[in-house]
2 protein chains.
Amino acid sequence: MKKRRVKLEDIARKLNISIATVSRALDKNPRVKPSTREKVFKTAEAMGYMPNQIAKSLSSGKTNIIGVIIPRYDEPFFIEVCRGIDHYAREHNYKILISSSRNSFEFERENLISYERGIVDGIILSPTHETETFTHIRSIIGKGIPVVLFDNIKEEVSGADHVLIEDDKASYEAVEHLIKTGRKRIAFVGGIKEKKVFQDRFKGYLDAMQANQIEVLDELILHCKSLDREFEDTEINEFLSNLPEFPDAIFTCTDNYGLLTMKTLLKMGYRIPDDVAVIGFGDLGLGEVFVPSMTCIAQPSFEMGQKVAELLIQQFNEPVDKNHRKKVVKLKTELVLRDST
Amino acid sequence: MKKRRVKLEDIARKLNISIATVSRALDKNPRVKPSTREKVFKTAEAMGYMPNQIAKSLSSGKTNIIGVIIPRYDEPFFIEVCRGIDHYAREHNYKILISSSRNSFEFERENLISYERGIVDGIILSPTHETETFTHIRSIIGKGIPVVLFDNIKEEVSGADHVLIEDDKASYEAVEHLIKTGRKRIAFVGGIKEKKVFQDRFKGYLDAMQANQIEVLDELILHCKSLDREFEDTEINEFLSNLPEFPDAIFTCTDNYGLLTMKTLLKMGYRIPDDVAVIGFGDLGLGEVFVPSMTCIAQPSFEMGQKVAELLIQQFNEPVDKNHRKKVVKLKTELVLRDST
DNA sequence: CTGTTAGCGCGTTCAT
DNA sequence: ATGAACGCGCTAACAG
């Protein structure tokens, strides 16, 4: 005894008018007599009418859904970006379908393909570290589906908008701050080398060191290989435990690296910032709570989400022109000084 | 010059067979001759055919999308649940459409209604603290849409599955642990009173105190009112600063309360756990990093997500029977002992 | 094994 | 101002 949904036809029959009129009435089309519109609205309400979004989408070719592909859920940065996307999207009557590529290129491709089946009007994607080739994205764009990329963009994809921060510049600034406050032996803790953002952050570190004529020591550099929280902890622990001579500052490439570093340092008996200064990257809330609070490069994550959504929705309203050069937006970061430096 | 998508008809025409056959062939329907199936697959591939999910959905009445409504994004618990949902859902060929009710009953209702438009096959929802009436949920269920509720369920909704933890029992256990380790003046830091989970956690605290004949002092109790990280900090700060006599333990109702409490204590010069012990609730990763690491009630968030998804997908396969009593699943929590107690 | 036909629910001409 | 009819792309029931 499942109730069949009320549809336009039901309303039409009840009122002895055509489906088309009902449709127009509900659409507030001015060409329908006010009195009938009234009637339609009332009976629709009374009968509990609810438009069928799927049918609408099939007919209109629009789903009002934005597909979002992030490398992983358990990184506050991506969630914050999603929150930004959601905020902007909802204001413009779009919903978001999120999926994680779980740091795997294959998953990224699969997700993209599943979105290609017409369930989303456009796609927002942040490439994984494994993503070396971009043909899967170009293929989607080739089919006329709007795409916006953000963070970790290894290769510019024509036809897609890009939103990012200047990772190298931000790192440069942070390292320079360490140098200016008298630090000389500055260690670097980064992520897997395959990830563009980590390459850039490393570059910023190197540039700042070089610009200030400070020798870069390999022994002070760690590129974490793991993608898992637990192992990050182990890697950092080992790195710090095996240093021949101790650094007086450590620049780290994520908030989590920074916190794990501080934790390990405190456990080893070092004082922060007296013995060692620490800087994190991201500023997603935790750095402020830790004792001592952590100096961070603040990345505008929420804003990035908003911007990304804005660009995508803008594309929806542009004439289809695949040769149109798309935008590259660079957002500003900020060095937030706290107790760890 | 936008390319039209290839559809079944195109393949059919090219092969001089009917649309139905093409459809069946791609469906691997055994009733189609292997040789034609081969041909169909090859030309489909060659022509770059991609099924239209919307059309499929309209025709089949299934979208393979699960709607998820959480009170907010910026709480790791909900994200972890979503991750669990995503994992289970994907294995069963479902995608998830997430939306946040932003701690507002109105938003919750709106989201629910938008899902009612047929874009999702079922709904997973965690009610906000504002949600006092459940008619909006019952209405959805009445229309035959499967619903599963999790966390913070103030009122049992017949026809919906429920997944939760025993908040009171978990709190009881945590407070009892404090008592057994010799703590006597035990403070309580909870969240807004309107939220069922906080009510239950408070109840567990009261029960444990009473069972051990320890007097409950109003001055040692804080129910945070704010829903915003910043203000939580302020509230806890003020609470701790104005205590007439200091507690020797503080039981807090979220990880974040626990961390903020520890931060404030350390800043005030107290030693943890020597002067004061602290316990958090959730165990979503941060407690392990803090120095000292935080003892927590571990809530199985990821598992909760998986369970919730499992129940929903199970409902999809059940015969429609609105009077069928639905399941209530209670997941186990665990007290994880660390350095803060 | 394959083709024909009739929906799925709504938007949208094209008439009237 | 309103109605009839077709299309969106695919599935499924019924024939043969």
Side-chain angles (χ1 to χ4, degrees), chain A residues 2-41 43-44 47-65 114 116-121 143-144, chain B residues 2-41 43-44 47-65 116-121 143-145:
Chain A
K2 66 191 297 185
K3 285 177 204 156
R4 211 180 39 70
R5 289 175 64 126
V6 178
K7 49 188 182 181
L8 292 185
E9 193 189 336
D10 301 321
I11 303 177
R13 191 156 29 207
K14 182 154 222 158
L15 259 44
N16 268 323
I17 56 179
S18 77
I19 297 179
T21 303
V22 178
S23 172
R24 280 190 286 251
L26 292 174
D27 238 31
K28 300 194 177 164
N29 186 320
R31 298 192 322 177
V32 46
K33 201 189 338 180
S35 67
T36 54
R37 181 206 291 190
E38 278 298 312
K39 278 195 297 184
V40 170
F41 267 90
T43 46
M47 298 178 75
Y49 171 73
M50 193 62 72
N52 181 326
Q53 186 57 47
I54 299 295
K56 267 188 149 147
S57 296
L58 180 60
S59 170
S60 70
K62 282 215 47 156
T63 63
N64 274 34
I65 296 180
S114 104
E116 197 182 332
R117 293 162 123 79
I119 208 146
V120 301
D121 291 340
K143 304 207 174 181
Chain B
K2 68 193 294 185
K3 285 176 202 155
R4 206 181 43 70
R5 288 175 65 126
V6 178
K7 50 187 180 181
L8 291 184
E9 194 190 337
D10 300 321
I11 303 177
R13 190 153 33 207
K14 183 153 222 161
L15 260 43
N16 269 320
I17 55 179
S18 76
I19 297 180
T21 303
V22 177
S23 171
R24 278 190 289 250
L26 293 174
D27 236 32
K28 300 194 177 162
N29 187 318
R31 297 191 324 177
V32 45
K33 199 186 348 179
S35 66
T36 53
R37 182 205 292 188
E38 276 300 309
K39 278 195 297 186
V40 170
F41 267 90
T43 46
M47 299 178 75
Y49 171 73
M50 192 64 69
N52 181 324
Q53 185 58 46
I54 300 296
K56 266 187 150 149
S57 296
L58 180 61
S59 169
S60 69
K62 284 216 45 159
T63 63
N64 276 353
I65 296 180
E116 197 181 333
R117 293 162 123 79
I119 209 148
V120 301
D121 291 340
K143 304 208 173 180
I145 301 175

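Letters go in sequence order (proteins before strands), and every chain restarts at 1.
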Report task. Assess whether salt bridge (charged side-chain N to carboxylate O under 4.0 Å, His left out) is satisfied between K7(B) and D10(B), documenting all intermediate values. Result -> CA-CA 5 Å; K7(B) 50 187 180 181; D10(B) 300 321; 5.9 Å; no
State whether [X] places a side-chain N or O below 4.0 Å from either non-bridging phosphate oxygen (OP1 or OP2) of [N].
{"X": "K7(A)", "N": "dC10(C)", "value": "no"}
{"X": "S23(B)", "N": "dT11(D)", "value": "yes"}
{"X": "S18(B)", "N": "dT4(C)", "value": "no"}

May I have the distance from [X] (atom [atom1]) to [N] (atom [atom2]), rounded to whole angstrom?
{"X": "L26(B)", "N": "dT2(C)", "atom1": "CG", "atom2": "C1'", "result": "15 Å"}
{"X": "I19(A)", "N": "dG11(C)", "atom1": "CD1", "atom2": "P", "result": "11 Å"}
{"X": "Q53(A)", "N": "dC8(C)", "atom1": "CD", "atom2": "C1'", "result": "15 Å"}
{"X": "K28(A)", "N": "dG11(C)", "atom1": "NZ", "atom2": "C1'", "result": "18 Å"}
{"X": "E9(B)", "N": "dC8(D)", "atom1": "CD", "atom2": "P", "result": "8 Å"}
{"X": "N64(A)", "N": "dG11(C)", "atom1": "CG", "atom2": "P", "result": "13 Å"}
{"X": "K62(A)", "N": "dC10(C)", "atom1": "NZ", "atom2": "P", "result": "19 Å"}
{"X": "D27(A)", "N": "dG9(C)", "atom1": "CG", "atom2": "P", "result": "19 Å"}

Side chain of [X] only, please: which of [options] is the nearest?
{"X": "R24(B)", "options": "dC10(C), dT2(D), dC14(D)", "value": "dC14(D)"}
{"X": "A55(A)", "options": "dG3(D), dG9(D), dC10(C)", "value": "dC10(C)"}
{"X": "K33(A)", "options": "dA4(D), dG3(C), dA1(D)", "value": "dA1(D)"}
{"X": "T36(A)", "options": "dA12(D), dT2(D), dT11(D)", "value": "dT2(D)"}
{"X": "K56(A)", "options": "dC10(C), dG3(C), dT11(D)", "value": "dC10(C)"}
{"X": "L58(B)", "options": "dG11(C), dG9(D), dT2(D)", "value": "dG9(D)"}

Touch check for [X], heavy atoms < 4.0 angstrom, all strands: base, sugar-phosphate only, or nothing?
{"X": "I54(A)", "value": "nothing"}
{"X": "S60(B)", "value": "nothing"}
{"X": "D10(B)", "value": "nothing"}
{"X": "S57(A)", "value": "nothing"}
{"X": "I17(A)", "value": "sugar-phosphate"}

So, do [X] and [Y] sit near enough that their side-chain heavy atoms are less than 4.5 Å apart?
{"X": "L26(A)", "Y": "V40(A)", "value": "yes"}
{"X": "T43(A)", "Y": "Y49(A)", "value": "no"}
{"X": "I19(A)", "Y": "I11(A)", "value": "no"}
{"X": "I65(A)", "Y": "D121(A)", "value": "no"}

Query raised in the report: More 5' along DNA chain D: M50(B) or R31(B), using each one's nearest nucleotide?
Result: M50(B)
**Report entry** Exercise: identify the closest heavy-atom pair between S57(A) and I54(B)
**Finding:** CB-CG2, 3.9 Å
